[in-house]
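Chain identifiers are assigned alphabetically (A, B, ...) following the order of the sequence lines, protein sequences preceding nucleic acid strands; residue numbering begins at 1 within each chain.
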Number of protein chains: 2
Amino acid sequence: MFSKACEYGIRASTYIALKSLEGTRVSLKEIAEKIDSPVAFTAKVLQQLSKNHIVDSVKGAAGGFQIAKANIDQVKLSQIVYAIDGNKVYEGCGLGLKKCNSNEPCPVHDKFVQIRADLKNMLESTSLYDMTVGLEEGLTALKR
Amino acid sequence: MFSKACEYGIRASTYIALKSLEGTRVSLKEIAEKIDSPVAFTAKVLQQLSKNHIVDSVKGAAGGFQIAKANIDQVKLSQIVYAIDGNKVYEGCGLGLKKCNSNEPCPVHDKFVQIRADLKNMLESTSLYDMTVGLEEGLTALKR
DNA sequence: TTTAAATAGGACAAAATTATCCTATTAATT
DNA sequence: AATTAATAGGATAATTTTGTCCTATTTAAA
């Protein structure tokens with residue numbers, strides 16, 4: 001569904017949100033440990049998210065990543081996915097046709113439109129705050 | 001959503017079904033032209049589909065690919081996707097966790113389950129025959 | 001002011017996916 | 001029997017994605 005980069009991005013952002021709610025900034029090292037991802041690759045993903053103002057990064061000792069508390073329920077998964085994978089999740093023909101729309105559809109166009117819409121809707125309606133609910137109680141997890 | 005191989009596989013199977021309904025066998029060359037796919041790569045995909053008994057292949061002069069008429073409305077997209085991409089479309093955590101299920105879910109497990117179920121349902125309920133309807137009239141297309 | 005700990009970013013490497021090429025095999029036709 | 005047209009399959013190449021490594025920069029703290 002998503003690229004590895006995007007999966008790491010969502011998990012990393014969620015962990016950062018979780019710790020930011022507690023008021024603490026987290027290092028790349030800690031993030032990678034807690035979400036079980038390759039450190040250097042995760043760094044690239046976080047750079048991308050930082051450039052897109054989805055997470056804040058602070059350089060230097062005691063630096064790390066954080067998200068302003070006020071933004072945690074404003075940032076939606078759709079923004080993370082877009083920042084990393086672009087719009088190919090939303091656009092692009094399910095059968096790979098270069099051009100495919102309601103006027104000139106592939107045989108499954110309408111059916112894919114529906115599923116894509118559901119996915120898009122889910123991503124647009126799920127905030128990082130939503131993602132953190134359940135993590136403290138161990139009901140959900142970011143690694144396993 | 002799907003791999004390139006899978007996209008070619010669905011388009012190729014659909015074209016073969018279309019021609020098989022007319023009672024004619026089609027060559028790899030013709031298929032690749034009609035679905036706008038790389039010839040040799042499409043050959044690999046068709047080998048895979050042939051091994052999985054989704055299409056019949058006939059070697060030698062006047063050979064080619066076909067699907068028994070009686071099977072055209074029996075073969076579902078889900079079989080093609082499974083033959084090429086395996087079950088990773090259906091299984092596998094949306095966030096890339098190695099283990100993720102209703103007992104030990106990731107934060108979006110339930111939401112993904114729903115979307116995956118819709119996709120799976122669509123693939124399981126769409127036959128190659130369904131795919132061909134609209135192709136003759138030019139309402140839908142396999143290349144563009 | 002030096003040191004240490006952190007992110008930024010460029011260069012590179014490994015792995016997976018996509019794509020091509022060549023030879024072998026098969027079968028109809030001449 | 002030879003030729004021709006087709007798929008099968010192995011080897012290889014190109015591209016993309018994933019992942020690593022090293023140096024530069026920044027900042028807090030000693």
Handout entry: Nucleotide interval of DNA chain D bounded by contacts with chain B (heavy-atom cut-off, under 4.0 Å)
Key = D:dA5 to D:dA11
Practice task
Could you provide the dot-bracket string of DNA chain D, using ( ) for intrastrand pairs, [ ] for crossing pairs and | for bases paired to another strand, with Watson-Crick or G-U pairs below 3.5 Å?
Solution key: ||||||||||||||||||||||||||||||
How many Å lie between [atom1] on [X] and [atom2] on [N], as a whole number?
X: B:L46; N: C:dA19; atom1: CG; atom2: P; result: 14 Å
X: A:K4; N: C:dA16; atom1: NZ; atom2: C1'; result: 12 Å
X: B:Q47; N: C:dT20; atom1: CD; atom2: P; result: 16 Å
X: B:Q48; N: C:dT18; atom1: CD; atom2: P; result: 13 Å

Practice task
Using the side chain to side chain donor-acceptor pair (under 3.5 Å) rule, collect all pairs that involve residues 121-141 of chain B, keeping only residues at least two apart or in two chains.
Solution key: A:K111-B:T126, B:S127-B:D130
Practice task
Could you name each residue pair satisfying side chain to side chain donor-acceptor pair (under 3.5 Å) that touches residues 66-77 of chain B, not counting sequence neighbours?
Solution key: B:R25-B:Q66
I'd like to check the side chain to side chain donor-acceptor pair (under 3.5 Å) partners of [X]; sequence neighbours left out, ordered by chain and number.
X: B:K59; result: none
X: B:S57; result: none
X: B:T42; result: B:S37
X: A:E30; result: A:Y15

Practice task
Say whether A:F65 and A:L21 are linked into one hydrophobic cluster, either directly or through other cluster members, by side-chain heavy-atom distances under 4.5 angstrom.
Solution key: yes
Exercise for the section: Decide whether A:M131 and A:L139 are clustered together by the hydrophobic rule: side chain heavy atoms of Ile, Leu, Val, Met, Phe, Trp, Tyr closer than 4.5 Å, transitively. Expected result: no
Practice task
Please confirm whether the backbone N or O of A:C100 pairs with a side-chain atom of B:R144, one donor and one acceptor, at under 3.5 Å?
Solution key: no
Exercise for the section: Quick one: list whatever passes side-chain contact (heavy atoms from CB on, under 4.5 Å) with B:D110, sequence neighbours left out. Expected result: none
Problem - DNA chain C contacts made by residues 12-22 of chain A, counting heavy atoms under 4.0 Å - result: none
Handout entry: Neighbours of DNA chain C within residues 34-45 of chain B, by heavy-atom distance under 4.0 Å
Key = B:P38, B:A40, B:F41, B:K44
Handout entry: pair B:C93-B:F112: side-chain heavy atoms closer than 4.5 Å
Key = no
Handout entry: Earlier contact from the 5' end, DNA chain D, for B:F65 and A:V58
Key = B:F65
Exercise for the section: Assess whether atom OH of B:Y90 is packed by more than 12 heavy atoms of other residues, nucleotides or ligands within 6.0 Å. Expected result: yes
Indicate every side-chain donor-acceptor pair of residues 2-10 of chain A with a distance under 3.5 Å to a residue at least two apart or in another chain.
residue : atom : partner : partner atom : Å
A:S3    : OG   : A:C6    : N            : 3.1
A:S3    : OG   : A:D85   : OD1          : 2.6
A:S3    : OG   : A:D85   : OD2          : 3.3
A:K4    : NZ   : A:E7    : OE1          : 3.3

